[in-house]
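See structure below.
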Amino acid sequence: MKPRKVLSGLGSLVMLSGLFVVTATATPAASQATQVQRLIQAKLVGQTVFKASPTNLVEGIAKGGGPAAYTDDSLFSVDHTRVNTGVGGSAATRTLAPILAPAAPAGRIPTRGSALSVKGLNAFDMVSTHGFNVEPPDQGLCAGNGKVIEMVNLVLRVYDANLHPISGPEVLETFFGQPIAFGVNGGDSTVQGDPRCYWDASSRRWYLSQLDLDLSAGTSQFNLAVSTSSNPLGAYNLYSLDNTDSSNPGCTHGCFGDQPLLGANRDALFISTNEFPIFDNGFNGAVLYTIDKAALAAGAGTANTVIDYIGLSIPIPGAAAGSCAASGGAQCWYSVQPATSPSAVADSAGSGGVEYALSALDFVGAGDNRIALWAITNTSSIRHSSPAIGIKEATLTSETYATPPSFVSQKAGPIPLGDSGRFGTPPGTPQPEGPIQTNDDRMNATVYADGLIWGAVTTKMTVVSQGKVGIAYFAVNPRLTHGGLTGTVAKQGYVVAPGNNVIFPSIGMDEEGNGVMSFTLTGDGYFPTSAYTTINARSGAGSVKIAALGQSPQDSFSEYQNLGNDQYRPRWGDYSAAVAAGNDIYFAAEYIQSPNCSDSAYAVDPTCGGTRSRSANWGTAINKVHV
């Protein structure tokens, strides 16, 4: 799911044309005391074994009579665009003068690179194992011990080091021991997704996670799977971590942590979320979960988990204590990205273990020239009966970045689903090709390597010829002492594609600080494409290279499904992925794998020869570059 920084009401949920549609209801504000930190347990609930799922289902019709196509976003029909007047229209927000990202150095036309690239999972894999489709795929990727795991909503597959598939796709819900999402096969209506995975070299274990939001019960949990060996095709212990919050402001009917972000150091796993009420209005900002990694690796019955309510307890720069709740969610930290590391042993002397994180500061969508550096300290105490986890923040001046336009273009091409009018009004009315959604300028996945923590955001560019939407990246040198946390931006810059757009960045780094930035390239000259650039602290980012060239426009249900008043939300991303295994960087992004077939061929075979589903044509590229 995409994290949201806007108050949006969820009152009643109904199924309409295969989508969860929300009818908002006003809820009186509750006066509740704010919790700062608490200790809970991740609980061992069973075991699972990787097993490829049967592919004997066909895409059908949802119970409500609509096509079986879903979004993974439980608040799909609500407007989540951040506005300059503040979250929920609050007049009490701190206003910033509009800041636009400056012109970047002139870029070169993207070229084909030297990446090894294979087709990853796609909409056909999804529909053939589920009988319905979801968007966006939400890319998860991890690599180590000669293997690679790819996870998307709601399927996973394992590859060898040369990217040959060594398993069929498995249903993600089955892997985590859960019923099929959205209540398709009966039972509770769950929204499952935001898959993440991590190979930990120190414990020689695979860690996989997903969010599980139960809309029937009004509860939420993280599903965690931890391998019992270094074999990704072997057995896994299953843990459940309840992230339902009923204690903090706005959580009378329960709050949940959206878009879990995964990081790790030698002591712990770190899951960061943005907290929203499940059924009411509100936003409580970022929440961080610190989980005992050694207990998970050992298969213990419980694992200590410390919850820090960052958004509610730590004021943003220039704001008073309690401003997050008092502002109705406008002045809250959001999307604090904990780092992974190629060695997982990042530490600072005297800190008792530290985990670094980055976040953006564009609280009201007006742009900014600052980023936040975070240090989670004393992480080794997570093993004790009374952990003493600390959190420090330092605001650093950076290059400017700005919220990109909501949508960017894609190259014109065949759109048999759009031409069919399947989602037209009335049905059968052909629809034009749509754009690609950019989300916004929150910090994407971070990595700590060779003394620097790297991160990047999607940003608006002021000079269209250099790139309508580009990427701003940052390399921060953190310094943690007894006196506190400081840091400097050691390297920063922009990645652009002349006249086109690059969106959803993710950076993977080896231990020497050599890496790759993965992203999607799209625009008037490109179908959605998996692209990348090399990056390091010496020379910054290089030129844009193509790993897997997009073959057609996105032609999927979210392009065409009318959410009311001619509002559309063509989902993409919500993120790419990049990770190191030795000196090899594996990276992945959503792209369109295959040419769309003709309208007449689609009418006979809506899978276009097994390359797509009837309602979606998304795919992923899994790539490898030696650095």
Side-chain angles (χ1 to χ4, degrees), residues 1-6 8 19 69 71-73 75-84 98 100-101 135-139 362 365-367 401-413 415 417-418 423-425 431-442 444 457-472 495-505 519-531 550 552-576 589-592 615-618:
M1 299 176 205
K2 182 169 88 74
R4 313 154 186 87
K5 258 201 99 265
V6 189
S8 301
L19 297 176
T71 174
D72 77 310
D73 191 338
L75 312 185
F76 183 87
S77 69
V78 183
D79 180 10
H80 302 301
T81 305
R82 291 183 286 170
V83 293
N84 288 340
L100 297 180
E135 288 187 327
D138 287 352
Q139 185 74 63
D362 189 6
Y401 54 93
T403 301
S406 298
F407 308 112
V408 293
S409 64
Q410 54 178 339
K411 182 179 175 181
I415 49 169
L417 175 60
F423 294 96
T425 305
Q431 294 173 279
E433 180 178 310
I436 297 293
Q437 186 170 342
T438 62
N439 290 1
D440 54 23
D441 57 351
R442 62 177 49 86
N444 286 271
V457 302
T458 303
T459 181
K460 178 179 180 179
M461 304 302 296
T462 56
V463 180
V464 171
S465 63
Q466 293 182 342
K468 300 176 183 180
V469 174
I471 294 167
V495 175
V496 296
N500 292 277
N501 312 281
V502 286
I503 56 177
F504 297 109
F519 44 84
T520 291
L521 165 68
T522 185
D524 296 343
Y526 293 92
F527 301 128
T529 289
S530 175
S552 277
Q554 174 169 262
D555 181 44
S556 300
F557 71 94
S558 68
E559 290 279 352
Y560 309 118
Q561 191 123 35
N562 192 339
L563 306 180
N565 300 318
D566 292 324
Q567 297 295 311
Y568 300 87
R569 196 171 178 206
R571 302 300 306 279
W572 193 262
D574 278 325
Y575 31 80
S576 61
E590 185 178 359
Y591 87 119
I592 305 301
S615 61
N617 71 331
W618 60 264

Basic-acidic side-chain contact under 4.0 Å: Arg442, Asp574:
no

Please evaluate residues Gln554 and Glu135 with respect to the criterion side chain to side chain contact (heavy atoms under 4.5 Å, CB included), reporting the C-alpha separation (whole Å), side-chain torsions for both, the decisive distance (0.1 Å), and the verdict.
CA-CA 11 Å; Gln554 174 169 262; Glu135 288 187 327; 3.9 Å; yes

To the nearest 0.5 Å, atom OH of Tyr560 lies from atom CG of Asn562 at 14.0 Å

Shortest non-hydrogen pair, Val502 vs Thr458, comes out as O-CG2, 4.2 Å

Do Pro505 and Val495 come within less than 4.5 Å of each other through their side chains, counting heavy atoms only?
no

Verify, without hydrogens or angle tests, whether Gln410 (side chain) and Gly434 (backbone) share a donor-acceptor contact under 3.5 angstrom.
yes

Considering all heavy atoms of both residues, which atom of Gly418 and which atom of Asp555 are nearest to each other, and what is their separation?
N-OD1, 3.1 Å

Separation between CG (Asn501) and CE (Met461), nearest 0.5 Å, reads 11.0 Å

Please step through side chain to side chain contact (heavy atoms under 4.5 Å, CB included) for the pair Asp524 and Lys468, ending with a clear verdict.
CA-CA 11 Å; Asp524 296 343; Lys468 300 176 183 180; 3.2 Å; yes

Test side chain to side chain donor-acceptor pair (under 3.5 Å) applied to Thr522 - qualifying residues, sequence neighbours left out
none

Report the distance from atom OG of Ser615 to atom CD of Gln561, rounding to the nearest 0.5 Å.
9.0 Å

Quick one: closest heavy-atom pair of Pro553 and Ala412, and the distance?
CG-C, 4.3 Å

Among all residues two or more places apart in sequence or in another chain, which pass the side-chain contact (heavy atoms from CB on, under 4.5 Å) test with Ala589?
Ser518, Thr520, Ser530, Ser576

From CZ (Arg571) to CG (Asp138), nearest 0.5 Å
7.0 Å

Show the nearest heavy-atom pair for residues Glu559 and Ile436, with the distance to one decimal.
OE2-CD1, 4.0 Å

Taking the cut-offs as 6.0 angstrom to the six-membered ring centre and 45 degrees off its axis, would you call Lys411 and Tyr526 a cation-pi pair?
no

Apply side chain to side chain donor-acceptor pair (under 3.5 Å) to Glu590 and list each qualifying residue two or more places apart in sequence or on a separate chain.
none

Distance-only, no hydrogens or angles: does the Asp441 side chain make a donor-acceptor pair with backbone N or O of Val457 under 3.5 Å?
no

Distance (rounded to the nearest 0.5 Å) between Phe407 CZ and Thr438 OG1:
8.0 Å

Go through the structure and list residues passing side chain to side chain donor-acceptor pair (under 3.5 Å) with Ser552, not counting sequence neighbours.
none

Using the side-chain contact (heavy atoms from CB on, under 4.5 Å) criterion, which residues pair with Phe504? Sequence neighbours excluded.
Asn439, Trp572

Decide side chain to side chain contact (heavy atoms under 4.5 Å, CB included) for Phe423 and Leu417; before the verdict, give the C-alpha distance in whole Å, the side-chain angles of both, and the deciding distance to 0.1 Å.
CA-CA 8 Å; Phe423 294 96; Leu417 175 60; 4.1 Å; yes

OG1/Thr459 to CG/Asp440 distance, rounded to the nearest 0.5 angstrom?
11.0 Å

List in chain and number order the residues that pass side chain to side chain donor-acceptor pair (under 3.5 Å) with Asn617, two or more places apart in sequence or in another chain; answer none if no residue qualifies.
Ser556, Asn596

